[in-house]
2 protein chains.
Amino acid sequence: MSEPDVFAALANPTRRELLRLLRDGGQQPVQRLADHFDMRRPSLSEHLKVLKEAGLVVERPVGRQRLYALRAEPLQEVADWLSPYEAYWRGRLGALRDVLDELDDE
Amino acid sequence: MSEPDVFAALANPTRRELLRLLRDGGQQPVQRLADHFDMRRPSLSEHLKVLKEAGLVVERPVGRQRLYALRAEPLQEVADWLSPYEAYWRGRLGALRDVLDELDDE
DNA sequence: TTGACCGGTAGGAAACCTCCTACCTATTGT
DNA sequence: ACAATAGGTAGGAGGTTTCCTACCGGTCAA
């Protein structure tokens, strides 16, 4: 039994590529997604299951195929997590922090 | 030998918490970081190693301790990856896409 | 109804992750 | 010099991931 962990879902390059395909190509069946990978279809199904459990895709049956579609909302959690760091990598704060630390040393 | 995979480094909650501690508390030695976790120190050392290999922390020896500091730059990669999705979770584009897909079906 | 097709589940191998206990080196204070 | 402290490495147990090959049920077309 797995949890719905967005960060864990994004840790795998194949899953990130699946999300990109759904973003760029809109909803599509498994077979069309599978065309882009050098990987058997059942493995793709498992990756799609992980994405589904993380809430990053939704799936609806259409005839004998299943259309998968991107559901980007959970990515907000990642963006929220990231935002307090943004000031650091955009210079400024990191450098300020270093100065403060140096002062502490004395 | 591991690769420097930022996404994989962020997949673990302990490592995300380490980054937060370094962000909020500035550079600090391992022991001070370890105080926040119910986990043996060697395990923490391994998490710090993963973060270091991902470029997310830097380490410098000071006396018999080692000060770890946040290095946020690699997080830019995550932000860059995320940004094409932002329009989707902020409504609009997802809905537009759905309409286009419906039209395709006909 | 029978066959072809879509895609999921079962079960298993191999690699990898995450934790542990020991143990080691380096530095510091007495 | 010796003990105590900081923190890394080694090796291993147990769980999880990621892939595979079978196999199964549901849908469509002849």
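A, B, ... follow the sequence lines: proteins, then strands. Residue 1 opens every chain. Please read all numbers here as calculations on a predicted model, not as lab measurements.
Arg23(A) forms no cation-pi arrangement with Tyr88(B), by the criterion of a distance under 6.0 Å to the ring centre and an angle within 45° of the ring axis.
Residue His47(B) has no polar side-chain atom (N or O) positioned under 4.0 Å from OP1 or OP2 of dC17(C). Note on Asn12(B): a side-chain N or O is less than 4.0 Å away from OP1 or OP2 of dT18(C). An OP1 or OP2 oxygen of dT18(C) is reached within less than 4.0 angstrom by no side-chain nitrogen or oxygen of Ser43(B). Regarding contacts with the backbone of dT18(C), a side-chain N or O of Arg15(B) is found under 4.0 angstrom from either OP1 or OP2.
Regarding Arg60(A), its CZ atom lies at a distance of 13 Å from the P atom of dG7(C), rounded to whole Å. In this structure, CG of Asp35(A) is placed 13 Å from C1' of dC6(C), rounded to the nearest angstrom. Rounded to whole angstrom, the span from the CZ atom of Phe7(B) across to the P atom of dC17(C) amounts to 17 Å. Rounding to whole angstrom units, CZ of residue Arg40(B) and C1' of dA10(D) are separated by 18 Å. What separates CD of Glu53(B) from P of dT9(D) is a distance of 10 Å, to the nearest Å. Rounded to whole Å, atom C1' of dG7(C) lies 16 Å from atom CE of Met39(A).
Taking the side chain as every heavy atom from C-beta outward, Phe7(A) and Arg15(B) never approach each other to under 4.5 Å. Leu70(A) is not listed as a side-chain neighbour of Leu56(A), based on a closest heavy-atom distance of 4.5 Å or more. Side chains of Leu21(B) and Phe37(B) form a contact here, defined as non-hydrogen atoms less than 4.5 Å apart. In this structure, the side chains of Leu48(B) and Glu59(B) stay at 4.5 Å or more apart for every pair of heavy atoms. Looking at Val30(B) and Gln65(B), their side chains never come closer than 4.5 Å, going by heavy atoms from C-beta outward.
For Glu46(B) against dC17(C), no side-chain N or O and base N or O form a donor-acceptor pair under 3.5 Å.
Mapping Ala11(A) and Val62(A) onto DNA chain D via the closest heavy atom, the residue that lands nearer the 5' end is Ala11(A).
In the model, Trp89(B) has a side-chain atom that pairs as donor or acceptor with a side-chain atom of Gln76(A) under 3.5 Å.
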Protein-proximity profile, nucleotides 1-8 of chain D, B/S/- by nucleotide at the 4.0 Å heavy-atom cutoff, equals ---BBSBB
